[in-house]
Asker: 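Here you go, one structure.
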Amino acid sequence: MIKVEHLSKQFDGVAVLKDVTTEIKTGEVVSIIGPSGTGKSTFLRCLNLLETPSGGSILIDGVDILDKKTDVAGIRQKMNMVFQSFNLFSHLSVLDNLTIGPVRLKGTNKAAARQKAMDLLRLVGLAEKAGNFPDELSGGQKQRVAIARCLAMEPQIILFDEPTSALDPTMVSEVLSVIRRLAREGMTMAIVTHEMDFARDVSNRVLYMDEGIIYEEGPPEQIFENPQREKTRAFIHRIRSYSCRIASPDYDLYAMNAEIEAFCEKQILPKKTRDSLLLLIEELLQLYTPYLSGITLDLSIAYSEKSGRLEVVSESAGEKINPLAGERLADDDFSLAIIRNLTESMDYQWQGGKNRLQFALKK
Ligand SMILES: Nc1ncnc2c1ncn2[C@@H]1O[C@H](COP(=O)(O)OP(=O)(O)OP(=O)(O)O)[C@@H](O)[C@H]1O
């Protein structure tokens, strides 16, 4: 139905969409997820020409809508959009909000438009509010009216731009339930959302966007349970990380510890976890002491908000060194015993010319 090829968009010379290629088929529900500011809304707004793309093509049923002769109003009817901020006409009643489009833009007669509007208000559970004005409704009710108004134009696809972001948490589920119902009824939809559980169970396909490209796409089981690429994994598992480089034996241990403490505080980690982490790093560096004059050590800490897992990874290039098993290690090394006690797993690998040691802290 929609084929997007090499789509790009720049604002004042800054590339927000770099090279987006994808397809949305009839009946599909596609969720678009990713970190803030990566171009998700811009992508959606380009699809129905609220933004003019800088390059690439958008084909709808084989017709290139970037062609100058395109009927833009017609495109927006076909691909109607539901906005974060509802965009209802505040001076019109709920019913009139639903009929104005079909009457003015599609030439539907008033009685038929009212009939249809009432059916749609029933569908979203708001027939009772037909005579009210938008200001008399809650946020969740306004958004359900906005969805009904969108449906009144009989679009072939609905584009949802963060439909629940402006709502109180208590009102999110009433809006998501309506969207779920539309999905069950076979409506084609593209949904930019930060509601991960919703994206997982409503979509046929998920696009993970990062820095202006579709970094990974796949069925929800892949993206949410088994993401294939690193940034997707970090996003899905809400991994927060800290890293530093130790380039000589005279590194500033106090500054590094202070940064690690600040990182732990930001992640609201319990004091016990923070102390274990600091001890693990201290003992690890103790094992590395004999080597530090000849190597550069990259140390990183990754904390998954979702699973609560805390990992420490150290990497060094150059000669093959495993301080957990090196010749310079005494059999009963005290540091190694402490590290074993603090961790639930430790693993050494020699990968691409690099030594990589990975530890998972006990919970
Ligand atoms: N009209 C505009 N003029 C200039 N810059 C813009 C415009 N619209 C968006 N941007 C910039 O483009 C970038 C991407 O914005 P966009 O809203 O598409 O991101 P997003 O992934 O939807 O983010 P969020 O999840 O926070 O809504 C941002 O840096 C934003 O400031």
Side-chain angles (χ1 to χ4, degrees), residues 2 4-24 28-58 65-66 72 75-76 79-87 139-140 142-143 146-147 150 157-169 171-172 175-176 179 189-203 205-218 220 223-224 227 229-240 266 305-306:
I2 302 178
V4 178
E5 281 178 343
H6 305 298
L7 187 71
S8 62
K9 173 68 185 172
Q10 294 163 8
F11 290 112
D12 306 322
V14 178
V16 169
L17 294 182
K18 291 176 186 152
D19 183 1
V20 174
T21 296
T22 192
E23 240 180 297
I24 301 174
E28 257 195 325
V29 178
V30 175
S31 291
I32 302 152
I33 62 168
S36 274
T38 48
K40 304 180 299 294
S41 298
T42 304
F43 170 58
L44 218 58
R45 293 168 67 81
C46 280
L47 288 184
N48 78 344
L49 303 177
L50 285 173
E51 300 290 356
T52 310
S54 309
S57 63
I58 303 173
I65 64 167
L66 301 184
V72 175
I75 292 298
R76 293 202 186 126
M79 287 199 277
N80 212 348
M81 190 142 168
V82 172
F83 299 88
Q84 184 178 336
S85 50
F86 329 124
N87 294 13
K142 281 184 204 166
Q143 193 59 300
I147 294 171
C150 177
I157 173 168
I158 304 184
L159 310 176
F160 287 91
D161 189 8
E162 301 190 31
T164 58
S165 295
L167 300 178
D168 273 4
M171 292 169 191
V172 168
V175 171
L176 296 185
I179 303 175
M189 300 189 278
I191 310 168
V192 171
T193 183
H194 289 280
E195 301 283 344
M196 295 299 130
D197 289 340
F198 168 68
R200 186 200 325 233
D201 62 46
V202 82
S203 326
R205 200 148 50 85
V206 179
L207 311 184
Y208 172 73
M209 282 190 73
D210 205 313
E211 294 183 18
I213 58 166
I214 296 176
Y215 179 79
E216 183 170 346
E217 71 174 276
I223 301 292
F224 291 104
R229 301 193 63 192
E230 198 179 328
K231 284 187 189 176
T232 323
R233 263 200 295 276
F235 179 79
I236 295 298
H237 296 300
R238 296 198 294 276
I239 292 172
R240 307 283 173 253
K266 205 167 161 199
E305 266 181 43
K306 200 174 168 196

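The first residue in the sequence is number 1, and the count goes up from there. Numbering of ligands and ligand atoms starts at 1, following listing order.
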Asker: Among all protein heavy atoms, pick out the one at the shortest distance from atom 16 (P) of ligand 1; state its residue, atom name and that distance to 0.1 Å.
Answerer: Thr42 OG1, 3.6 Å

Asker: Considering non-hydrogen atoms of the protein only, which is the closest contact for atom 3 (N) of ligand 1, and what is the distance?
Answerer: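 The closest heavy atom on the protein side is Phe11 CD2, 3.4 Å.
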
Asker: Counting each atom of ligand 1 from 1 as listed, which ones have a heavy atom of Glu162 under 4.0 Å away?
Answerer: 24 (P), 25 (O), 27 (O)

Asker: Quick one: does Arg200's side chain have a donor or acceptor within less than 3.5 Å of a partner on Pro220's backbone?
Answerer: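 Looks like no, no N/O pair under 3.5 Å.
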
Asker: With heavy-atom distances below 4.0 Å as the criterion, list the atoms of ligand 1 near His194.
Answerer: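 Ligand 1 atoms under the 4.0 Å threshold to His194: 25 (O).
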
Asker: So between Gly37, Gly34, Pro35, Ser165, whose heavy atom ends up nearest atom 20 (P) of ligand 1?
Answerer: Gly37

Asker: Number the atoms of ligand 1 from 1 as they appear, then name those within less than 4.0 Å of a heavy atom of Thr38, with their elements.
Answerer: 19 (O), 20 (P), 21 (O)

Asker: Do the side chain of Ser54 and the main chain of Gln10 share a donor and acceptor less than 3.5 angstrom apart?
Answerer: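 Yes.
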
Asker: For the side chain of Arg205 and the backbone of Val30, is there at least one donor-acceptor N/O pair under 3.5 Å apart?
Answerer: no

Asker: Counting non-hydrogen protein atoms only, what is the nearest one to atom 26 (O) of ligand 1? Give residue, atom name and distance.
Answerer: Ser36 OG, 3.0 Å

Asker: Can you tell me which residue and heavy atom of the protein come closest to atom 25 (O) of ligand 1, and the distance to 0.1 Å?
Answerer: Lys40 NZ, 2.8 Å

Asker: Is the backbone N or O of Lys231 less than 3.5 Å from a side-chain atom of Tyr215, with the two atoms forming a donor-acceptor pair by type?
Answerer: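 At least one qualifying donor-acceptor pair exists.
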
Asker: Does any N or O of ligand 1 fall below 3.5 Å from an N or O anywhere on Val16, backbone included?
Answerer: no

Asker: Around atom 17 (O) of ligand 1, find the nearest protein heavy atom and jot down its residue, atom name and distance.
Answerer: Ser41 CB, 3.7 Å

Asker: Would a 4.0 Å cut-off, counted as strictly less than, catch a protein heavy atom around atom 31 (O) of ligand 1?
Answerer: no

Asker: Of all residues at least two apart in sequence or in a different chain, which pass the salt bridge (charged side-chain N to carboxylate O under 4.0 Å, His left out) check with Asp19?
Answerer: none

Asker: Return the CZ to CZ distance between Arg45 and Phe83, rounded to the nearest 0.5 Å.
Answerer: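 So the gap between those two atoms works out to 6.5 Å.
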
Asker: Once side-chain hydrogen bond (donor to acceptor under 3.5 Å, both in side chains) is applied, do any residues pair with Ser41, and if so which ones, sequence neighbours excluded?
Answerer: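 Here the qualifying residues are Asp161.
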
Asker: With a distance cut-off below 6.0 Å to the six-membered ring centre and an angular limit of 45° from the axis, does Lys9 pair with Phe11 as a cation-pi contact?
Answerer: yes

